[in-house]
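Have a look at the structure below, then the notes.
Here, residue 1 is the first one in the sequence, and each next residue gets the next number.
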Amino acid sequence: MKWKYRVKWGLFCFLISFCFTTFAANIDNQRKNFRYASEAINKGNLTEYYRLKPLLKDYSLYPYLQFAEINRMMNNSLPTAYVETFLKTYPKSALAERMRVNWLNTLAKQQQWALYQQFYTPSNDVSLQCYAIWAEYKANPTPTILNKAAPLWIVPRSQPTACNTLFNAWQKSSGFSSAQAWQRSQLAMAEKQATLVTYLKRYLPPNQQALSDLWLSVHHNPALIKANNLGTNKDPFVQTIQVYGMKRLISQDPVQAETTWASIKDRYPFTANQNAEIDYAFAINLATQHHLDAIKWLNAVPAAKADDAIYEWRVRYYLRQQQWPQVHKTIATMPESLRQLPLWRYWAGRSLMAQNQTGAAEAILKPLAKERNYHGMLASDLLKLPYTLNDIPYAPTPAVVASVNRDGSVIRARELLAIGRIIDARREWNAAINHFDEEQLQAAAKLASSMQWYDRAIITAGKAKNRDDLTVRFPTAYASDMKKSAQKNNISPAWAFSITRQESAFLTDAQSSAGALGLMQLLPSTAQQVAKQAGLVYSKDILIVPAKNIALGTTYLRDMATKFNKNTLLASAAYNAGATRVYRWLPDAPMPTDIWVETIPFKETRNYVQNVFSFQVIYQDRLGMNMERLDHHVKMINP
């Protein structure tokens with residue numbers, strides 16, 4: 001290389017290095033100043049805040065300072081112009097909706113109803129909806145407007161206290177009646193909200209108060225419906241209570257319920273619709289308990305009341321009995337939309353194969369075997385074909401990638417992630433993908449994957465129609481910890497990855513409604529039990545530490561596998577539904593695995609097991625493991 005080119009190349013490298021160093025120093029200063037400014041505004045140190053604020057106007061998170069500043073103003077004044085400007089400047093940001101909600105609540109608190117109407121946009125927030133109706137009423141105080149409260153009040157749950165002013169005014173108007181209170185009572189009872197029903201008695205006339213008391217008694221003791229003195233046979237509400245009690249009794253003791261129904265069905269003038277409701281309740285409850293009488297009730301449900309669950313449990317009844325001609329015949333009675341789902345295409349083919357109609361079976365199963373799903377893999381097993389994973393990486397164009405990278409919400413999400421404000425980062429990312437098109441979603445999923453932001457990558461890819469990039473959708477996240485813990489507990493790492501993917505989609509601080517926490521979604525009580533086995537000192541905080549959650553989760557998986565004689569399918573079901581239920585679901589005689597899985601009573605657990613086992617195939621491929629077929633794990637489920 002000639003000396004002049006060496007000089008130019010050296011100068012170029014120096015400039016690049018200088019620019020990078022300068023940028024790094026600048027972003028570090030901005031992050032430091034942002035942290036100080038945020039602390040200052042939160043503590044009310046306005047002198048320090050206003051000193052730092054001008055230094056951050058070019059920083060991507062500057063809107064967060066404006067947000068905090070305007071929210072602070074709301075406590076002392078009405079910063080209308082500031083709010084309006086903020087909403088116009090950042091209309092698609094995660095902050096915009098939060099700003100609007102805070103502002104509307106402030107306006108409602110200060111009873112600025114004209115301004116409330118100006119800023120209100122349709123919302124799912126019930127409090128804001130109530131305020132919006134009240135604001136409209138204050139502008140035009142007519143009973144017609146108050147009547148808009150009815151749909152918000154006639155619901156089977158308690159509503160926010162923010163609605164009290166509106167509800168009180170409506171209940172004093174001519175638009176309110178005891179019939180509406182009775183309607184709400186019926187909805188509440190259907191949802192087993194006994195406390196709400198007790199509250200609603202105050203709005204009812206004496207005769208309906210008596211019925212309400214009767215209904216509550218039947219709620220607590222459904223066997224009371226057999227009593228001869230339950231009420232007049234001509235009162236339609238007595239029949240409503242009878243039907244409610246029957247449904248509750250069926251769910252508790254279907255055998256006793258059948259005897260009870262025989263004794264009262266001719267005593268009261270039940271409508272055709274009420275008879276159909278009882279038939280439906282018997283059908284589903286007996287079917288999910290694999291009762292031999294279930295098919296009688298399943299077939300008794302009239303066509304007008306037969307939903308997907310009825311059609312599916314009719315097939316599952318015959319599957320459990322392995323009555324293959326009936327399986328195929330019953331699938332043929334399903335609506336076309338249901339019949340074309342992968343699971344029922346599989347069982348149509350499987351039933352033909354069991355009847356030695358190989359050609360007809362293969363015509364159904366060969367196309368299915370090309371699909372990447374649990375039933376497609378089962379079809380491949382039947383035909384002894386290799387699994388088809390259809391792994392096609394996303395290939396977004398540079399222009400699409402650029403459009404994603406310059407999106408304001410994405411820029412803020414990345415910076416929030418960098419400074420550890422993970423919840424705000426997720427909000428911004430979600431705001432971005434809510435307005436992305438298909439190509440942008442694919443590019444964004446790829447971007448999140450490259451950032452090792454696994455849960456956002458999976459969620460973003462899930463919103464796209466094209467879901468064939470398996471590297472993005474099935475990341476080998478926390479691979480070192482996962483492999484180490486799986487090896488220690490003598491379980492397959494592919495199984496551990498599959499459970500984690502199904503449980504949390506690799507969201508480290510995931511929390512379920514039941515209180516399960518972390519990557520592998522462990523209940524604190526369970527984690528405490530296995531902590532010592534995993535060599536950990538238990539505290540609730542360790543559940544959101546990835547390495548420790550994985551250590552606990554894989555230890556619990558090992559315990560479940562041991563409990564079920566190394567049967568990972570049963571262990572997976574137990575991980576989701578609990579070992580006690582799985583023991584209860586075991587068949588009386590050996591049963592093919594695919595039939596047992598398809599007839600698991602809980603839909604959630606049934607889908608869970610199917611997902612885990614199809615995910616396991618994908619993870620075996622991703623980890624470079626030998627591909628094990630689904631039927632390799634276990635061919636039969638034993639009592």
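Counting all heavy atoms, side chain and backbone alike, Val472 lies closest to Ala461 at CG1-CB, 4.0 Å. Nearest heavy atom pair, residue Asn33 against residue Leu55, reads ND2-CD1, 4.0 Å. Residues Tyr280 and Ala309 approach most closely at OH-CB, 3.9 Å, considering heavy atoms. Across every non-hydrogen atom of Phe497 and Ala479, the tightest pair is CZ-CA, 3.8 Å. Shortest non-hydrogen contact noted between Val197 and Ser185 is CG2-O, 3.8 Å.
For Tyr575 and Gln521, the side-chain atoms include no donor-acceptor pair closer than 3.5 Å. For the 3.5 Å distance criterion, the side chains of Glu439 and Thr397 fail to qualify, holding no donor opposite an acceptor. Side chains of Asp468 and Asn390: no donor on one and acceptor on the other come within 3.5 Å. Judged by distance alone, the side chains of Asn466 and Glu438 never bring a donor and an acceptor atom under 3.5 Å apart. Trp429 and Thr460 share a side-chain donor-acceptor pair at under 3.5 Å. Side-chain atoms of Glu428 and Tyr64 include a donor-acceptor pair closer than 3.5 Å. Judged purely by distance below 3.5 Å, without hydrogens or angles, the side chains of Tyr59 and Glu415 pair a donor atom with an acceptor atom.
Arg622 forms no cation-pi arrangement with Phe474, by the criterion of a distance under 6.0 Å to the ring centre and an angle within 45° of the ring axis.
Every pair passing salt bridge (charged side-chain N to carboxylate O under 4.0 Å, His left out) that includes a residue from residues 52-74 is listed here, sequence neighbours excluded: Lys53-Glu69.
For the pair Arg456 (side chain) and Ala448 (backbone), a donor-acceptor distance under 3.5 Å is absent. Checked by atom type and distance alone, the side chain of Asn549 never pairs as donor or acceptor with a backbone atom of Val545 at under 3.5 Å. Of the possible polar contacts, one joining the Ser504 side chain to the Leu519 backbone as a donor-acceptor pair under 3.5 Å is found. A donor-acceptor contact shorter than 3.5 Å is absent between the side chain of Glu39 and the backbone of Tyr36. The backbone N or O of Ala81 lies less than 3.5 Å from a partner atom in the side chain of Thr85, making a donor-acceptor pair. In this structure a side-chain-to-backbone donor-acceptor pair under 3.5 Å is missing from Glu48 to Ala40. With hydrogens and angles disregarded, a donor-acceptor distance shorter than 3.5 Å links the side chain of Arg473 to the backbone of Arg467. A side-chain donor-acceptor contact under 3.5 Å links Tyr619 to the backbone of Pro475. A donor-acceptor pair under 3.5 Å is formed between the side chain of Thr500 and the backbone N or O of Ala496. Between the Arg100 side chain and the Phe119 main chain, a donor and an acceptor come within less than 3.5 Å of each other.
Taking OH from Tyr131 and OH from Tyr120, the interatomic distance works out to 12.5 Å, rounded to the nearest 0.5 Å. One finds the CZ atom of Arg606 at 12.0 Å from the CG atom of Asn611 (value rounded to the nearest 0.5 Å). From His219, atom NE2 reaches atom CE of Met189 across 5.5 Å, with rounding to the nearest 0.5 Å. Rounding to the nearest 0.5 Å places CG of Asp509 at 7.0 Å from CD1 of Ile422. Rounding to the nearest 0.5 angstrom, the gap separating the CD atom in Gln183 from the OG atom in Ser177 is 9.0 Å. Of the inter-residue distances, the one linking Ile550 atom CD1 with Met520 atom CE reads 7.5 Å to the nearest 0.5 angstrom.
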Verdict with reasoning, Phe237 to Trp215, per ring pair (Phe, Tyr, Trp, His ring centres under 6.0 Å) = CA-CA 9 Å; Phe237 289 126; Trp215 206 335; 8.0 Å; no
When you look at Ile70 and Val83, which way does the side chain to side chain contact (heavy atoms under 4.5 Å, CB included) test go after all the steps?
-> CA-CA 7 Å; Ile70 296 169; Val83 172; 3.7 Å; yes
Just do the ring pair (Phe, Tyr, Trp, His ring centres under 6.0 Å) check on Tyr137 and Trp134 with the steps written out, would you?
-> CA-CA 5 Å; Tyr137 175 72; Trp134 188 247; 5.2 Å; yes
Under the ring pair (Phe, Tyr, Trp, His ring centres under 6.0 Å) criterion, do Trp153 and Phe176 qualify, and how do the steps go?
-> CA-CA 11 Å; Trp153 190 79; Phe176 177 76; 5.4 Å; yes
Yes or no on salt bridge (charged side-chain N to carboxylate O under 4.0 Å, His left out) for Asp213 and Lys201, after CA distance, side-chain angles and deciding distance?
-> CA-CA 9 Å; Asp213 287 336; Lys201 277 178 59 179; 2.7 Å; yes
Can you check salt bridge (charged side-chain N to carboxylate O under 4.0 Å, His left out) on Lys148 and Glu136, steps first, answer last?
-> CA-CA 10 Å; Lys148 292 182 180 181; Glu136 186 181 357; 2.8 Å; yes
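Between Met74 and Asn105, every side-chain heavy-atom pair lies at or beyond the 4.5 Å cut-off. When side chains are defined from C-beta on, Leu187 does not count as touching Val155, because their heavy atoms never get closer than 4.5 Å.
Heavy atoms from other residues, nucleotides or ligands lying under 6.0 Å from NZ of Lys548 number 12 at most. Shown here is Tyr82, whose OH atom has no more than 12 heavy atoms of other residues, nucleotides or ligands within 6.0 Å.
The pair Glu191-Arg157 fails the salt-bridge criterion, with no side-chain N (NZ, NE, NH1 or NH2) lying under 4.0 Å from an Asp/Glu carboxylate O. Asp424 and Arg98 are joined by a salt bridge, as a carboxylate oxygen and a charged side-chain nitrogen come within less than 4.0 angstrom of each other.
Paired with Asp407 under the rule side-chain hydrogen bond (donor to acceptor under 3.5 Å, both in side chains), one option of Lys92, Arg412, His435 passes, and it is His435.
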